[in-house]
Amino acid sequence: MSIILKNVNEVDSEVSEILDLEEKRQKFKINLIASENYASTAVMETQGSLMTNKYAEGYPGKRYYGGCEYHDMVENLAIERAKKLFGAEHVNVQPHSGTQANMAIYFAMLDVGDTIMSMNLSHGGHLSHGSPVNFTGKYFDIVSYEVDKETQTLNFDTLRDLALKHQPKLIIAGASAYPREIDFAAFREIADEVGAYFLADIAHIAGLVIAGLHKSPIPYADFVTTTTHKTLRGPRGGMIMCKKEYAEKVNRMVFPGIQGGPLMHAIAAKAVAFKEAMSDNFMKYQKQIVINAKTLANELMINGFDLVSGGTDNHLMLADLIKTGITGKEAEETLGNVGIIVSRSTIPFETRSPFVTSGIRLGTPAVTTRGMKEEEMKLIADWVTKSLNNIENATIQNEILSAVEGLCTQFPLFK
Ligand SMILES: *Cc1c(COP(=O)(O)O)cnc(C)c1O
């Protein structure tokens with residue numbers, strides 16, 4: 001792909017071989033993992049660049065190391081572009097990941113033992129919102145909300161009752177496995193009623209928000225956190241946006257509070273990704289993600305699958321496999337063997353363990369980056385169906401595997 005890889009080959013044949021294998025895997029499998037994407041070669045080049053060779057603790061103009069003049073330039077560029085893209089008052093591009101972005105908000109605004117109200121993990125929430133196995137579950141008192149049993153969507157009456165009862169200091173909206181639009185204005189109202197801070201975590205939907213395909217939380221939330229590598233299609237990393245009044249507190253918590261030297265190669269790559277996100281192509285891309293998700297969802301339902309909440313408004317969907325008798329784990333393995341990569345997923349009111357689960361999560365950001373459209377979504381839906389309906393039939397599974405590889409060849413990556 002680039003000059004760097006040639007050097008890897010000379011220095012370390014073992015890692016080089018692994019990189020080769022991974023390149024083939026990415027090129028010849030259909031990736032339906034909703035949180036993944038393929039960053040552009042421009043983003044990857046920047047992330048693999050000489051910007052990694054520098055300590056730049058601090059912020060532009062206020063570093064604790066000499067020689068940061070170009071790192072200041074690139075970080076300022078990333079910040080200004082992010083502000084423009086989202087209409088944010090203040091941006092911090094230093095968080096190493098989405099989880100670190102969230103951690104900075106919690107530690108900046110809360111005391112250990114304070115109450116956070118967030119979405120239950122098995123209903124679509126994220127580990128870093130309060131799971132008992134995460135630091136959040138250990139340091140804070142977590143009140144989780146769930147989706148409505150009937151509609152499998154958020155019910156703001158129930159949410160409001162819960163907030164009134166527990167008086168959380170922070171309310172979090174945002175999810176990793178919620179296929180519907182999130183009403184940030186309704187969250188704001190509840191937060192105001194109980195005097196809570198409101199954090200919107202848009203890790204999954206950031207790209208859709210930029211393109212206006214999902215309502216932006218910026219006017220409503222005190223803090224907005226995101227990853228830069230999901231629908232946003234940048235390098236792996238995190239970012240915080242907030243109102244000016246919290247800027248100082250948030251910055252000081254990211255550094256020196258919870259991080260040391262920023263990953264300047266990643267920050268430079270974020271700047272490149274933000275430039276890409278300002279283009280018409282990016283807007284078209286985001287639109288196609290949503291069209292593809294709707295098409296895939298409809299085809300799967302036509303083929304007899306139950307989808308949580310009966311469809312999707314965004315880039316992902318959850319197939320509820322209970323009726324089929326196979327578990328999420330079995331489905332993930334079976335599809336993996338035919339070159340279709342999905343992740344098992346808990347579904348609302350899950351009865352199986354998070355390792356087994358009763359569902360799979362499917363998303364369209366990655367296949368859309370390859371240029372696939374509605375026609376390809378129909379093919380993929382049919383292959384998913386056929387594969388899962390014929391788990392024991394090796395001939396059928398092999399046929400699907402060849403078809404998958406054929407389609408991937410027609411939509412090459414890293415051109
Ligand atoms: C992916 C995700 C994160 C965190 O991402 P990492 O970069 O893996 O730490 C945070 N919140 C939500 C809702 C996510 O989906």
Side-chain angles (χ1 to χ4, degrees), residues 31-37 39 43 47 82 92-107 116-131 133-137 140 142 144-147 154 170-182 184 187 198-209 214 216-217 221 223-242 254 258-259 262-263 266-267 269-270 273 289 293 308 312-318 342-346 348 354 359 361-366:
N31 182 4
L32 296 177
I33 295 184
S35 51
E36 292 184 5
N37 213 328
V43 165
Q47 198 174 13
N92 186 311
V93 291
Q94 292 194 5
H96 301 331
S97 69
T99 297
Q100 298 262 204
N102 287 338
M103 183 188 252
I105 303 302
Y106 307 147
F107 287 158
I116 297 177
M117 187 168 123
S118 58
M119 194 175 199
N120 187 312
L121 183 66
S122 76
H123 287 241
H126 188 258
L127 274 171
S128 66
H129 293 179
S131 161
V133 299
N134 183 261
F135 74 91
T136 42
F140 301 103
I142 306 296
S144 10
Y145 56 85
E146 304 186 333
V147 295
L154 293 172
L170 174 74
I171 297 178
I172 309 177
S176 306
Y178 187 69
R180 296 300 183 175
E181 174 135 15
I182 295 173
F184 295 119
F187 272 99
F198 172 32
L199 161 65
D201 177 346
I202 58 168
H204 262 260
I205 56 171
L208 303 184
V209 168
H214 189 296
S216 171
F223 314 95
V224 177
T225 53
T226 186
T227 60
T228 47
H229 50 271
K230 296 180 184 175
T231 49
L232 188 42
R233 204 164 60 181
R236 190 159 296 278
M239 177 164 85
I240 299 170
M241 294 169 273
C242 66
V254 173
I258 60 166
Q259 290 189 173
L263 308 177
I267 288 172
K270 285 171 191 174
I289 290 179
V308 170
T312 177
D313 298 329
N314 56 26
H315 62 297
L316 69 82
M317 65 214 71
L318 291 166
V342 302
S343 40
R344 77 192 76 167
S345 175
T346 52
R361 188 185 66 170
L362 307 100
T364 54

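Order of listing sets the numbers, starting from 1, for every ligand and every atom in it.
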Check ligand 1 against His204 and write out every atom of the ligand that is under 4.0 Å from a heavy-atom position of the residue.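 Every atom of ligand 1 under 4.0 Å from some heavy atom of His204: 15 (O).
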Using heavy atoms and a threshold below 4.0 Å, how should the contact between [X] and ligand 1 be classified: side chain, backbone, both, or neither?
X: His229; answer: side chain
X: Ala175; answer: backbone
X: Ser176; answer: both

Under the 4.0 Å line, does any protein heavy atom show up next to atom 15 (O) of ligand 1? yes
Would you check whether Ser128 has a nitrogen or oxygen atom less than 3.5 angstrom from a nitrogen or oxygen atom of ligand 1?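 Looking only at distances, the answer is no, because the N/O contact criterion of under 3.5 Å is not met.
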Interatomic distance, [X] atom [atom1] to [Y] atom [atom2] [nearest 0.5 angstrom]:
X: Gln259; Y: Asn92; atom1: CD; atom2: CG; result: 8.0 Å
X: His129; Y: Ile116; atom1: NE2; atom2: CD1; result: 9.5 Å
X: Leu316; Y: Leu32; atom1: CG; atom2: CG; result: 11.5 Å
X: Asp201; Y: Ser128; atom1: CG; atom2: OG; result: 6.0 Å
X: Thr346; Y: Leu318; atom1: OG1; atom2: CG; result: 8.0 Å
X: Ile142; Y: Asn134; atom1: CD1; atom2: CG; result: 8.5 Å

Identify the closest protein heavy atom to [atom]: which residue and atom is it, and at what distance?
atom: atom 2 (C) of ligand 1; result: Lys230 NZ, 2.4 Å
atom: atom 6 (P) of ligand 1; result: Gly98 N, 3.6 Å
atom: atom 5 (O) of ligand 1; result: Thr227 CG2, 3.4 Å
atom: atom 11 (N) of ligand 1; result: Asp201 OD2, 2.6 Å
atom: atom 9 (O) of ligand 1; result: Thr99 OG1, 2.7 Å

Looking only at side-chain N and O atoms, does Arg361 offer a donor or acceptor that is under 3.5 Å from a partner on Ser176? no
Heavy-atom closest contact (Pro365 atom, Glu36 atom, distance):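 Pro365 and Glu36 have their closest heavy atoms at CB-O, 3.8 Å.
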